[in-house]
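Notes to accompany the following structure.
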Amino acid sequence: MNKSKRKVVIAGNWKMNFTPDEATAFIGAVKPLVAGKDACDVVFCAPYVTIAAAQAAAKGSNIKIGAENVHFAEKGAYTGEVSAKMLTACGVEYVIIGHSERRQYFGETDETVNLRTKAALAAGMTVILCLGEVKDQRLAGITDEVVSMQTKLDLKDVTAEEMKRVIIAYEPVWAIGTGLTATPEQADETCGVIRKTLETMFGKEVAEATTIQYGGSMNEKNAAELLAKPNVDGGLIGGASLVPEKFQAIVDAAQ
Ligand code: 13P
């Protein structure tokens, strides 16, 4: 596996944190800490109402700002939702889709994740597609089947060309916000299963070029070991993306 073919992406998922003022202060603090660290792309995905403030604060830096979800319709009667066209009109290039919290608490399914993914790609966005097994599935020994199935369903009818704008975040649900982390070996192995699945869907070239992040309690202490693994091409970071020094340490580990 040739890791040099892939872009390393360190992305923060702020979840439901930071008002516009708090985002401005945070980006102001983290900007100098990650400046010039160009061995990885740096992205923060923000709540919709915080995006504009984060973008303004990040202007002229190597930090990119994304959204945390997007709807699949272009417009219409979908109260509370935001379309890809609206996001791109606001200069938003990245969007997280299929986060386990969306699947768990807001009824998202592989089908809606697939629809959202296709809509975002059609609008020219880059998608950070989240998938991963729950604890019972890992204990039952069906992790490989679960992530392979999610990969196939979530990326159904996506083209090889569009895959250039897909980042996959492997996030074992049992590791999110729990302080439990997959071991580097577990993360590498499951990211490898996802890559194999991509190979069956899109061919070897696409599989080898696709960035697959690990997410789930990645922090300043465990990042270096996780990122050293051949199939782990970055991180999607929750809690540690809210603390400038912790996030910096993860970006440093990716250099
Ligand atoms: P934590 O890093 O807080 O475990 O969250 C991971 C995550 O859900 C990123 O999307």
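We count residues from 1, following the sequence as given. Numbering of ligands and ligand atoms starts at 1, following listing order.
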Under 4.0 Å from any heavy atom of [X], which atoms of ligand 1 are there?
X	answer
Gly239	1 (P), 2 (O), 3 (O)
Gly216	4 (O), 6 (C)
Lys15	5 (O), 6 (C), 7 (C), 8 (O)
Ser217	1 (P), 2 (O), 4 (O)

Practice problem: Measure across Cys191 and Val232 and return the closest heavy-atom pair with its distance rounded to 0.1 Å. | Solution: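 Result for this residue pair: SG-CG2, 4.2 Å.
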Is a side-chain donor-acceptor pair under 3.5 Å present for [Y] with [X]?
X	Y	result
Glu133	Tyr170	yes
His99	Glu171	yes
Thr151	Arg195	no

Exercise. Go through Val158 and Met163 one step at a time and tell me if the side-chain contact (heavy atoms from CB on, under 4.5 Å) criterion holds.
Key: CA-CA 7 Å; Val158 169; Met163 282 302 293; 3.9 Å; yes
Quiz item: With a 4.0 Å heavy-atom cut-off (strictly under), which part of Ala175 contacts ligand 1: side chain, backbone, both or neither?
Solution: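 Within the 4.0 Å criterion, Ala175 contacts ligand 1 through backbone atoms alone.
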Quiz item: If you measure from each non-hydrogen atom of Leu236 to ligand 1, which part falls under 4.0 Å: side chain, backbone, both or neither?
Solution: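 Near ligand 1, Leu236 shows its backbone as well as its side chain.
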For ligand 1, which is the ligand I care about here, please tell me if [X] has any N or O atom under 3.5 Å from one of the ligand's N or O atoms.
X	result
Gly238	yes
Glu101	no
Gly177	yes
His99	yes

Quiz item: Are the side chains of Pro244 and Phe26 in touch, meaning some heavy atoms are under 4.5 Å apart?
Solution: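 Side chain of Pro244 against side chain of Phe26, heavy atoms only: contact under 4.5 Å found.
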Quiz item: When you measure from atom 7 (C) of ligand 1 to every protein heavy atom, which one gives the shortest distance, and what is it?
Solution: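 Here the nearest protein heavy atom works out to Glu171 OE2, 3.2 Å.
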Self-check item: Test: Asp110 and Arg116 ion pair at under 4.0 Å
Solution: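 Here Asp110 does not pair with Arg116 in a salt bridge, since their nearest N and O are not under 4.0 Å apart.
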Exercise. Among Lys7, Gln213, Arg6, find the residue that satisfies the side chain to side chain donor-acceptor pair (under 3.5 Å) test when tested with Asp233.
Key: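 Only match with Asp233 under side chain to side chain donor-acceptor pair (under 3.5 Å): Arg6.
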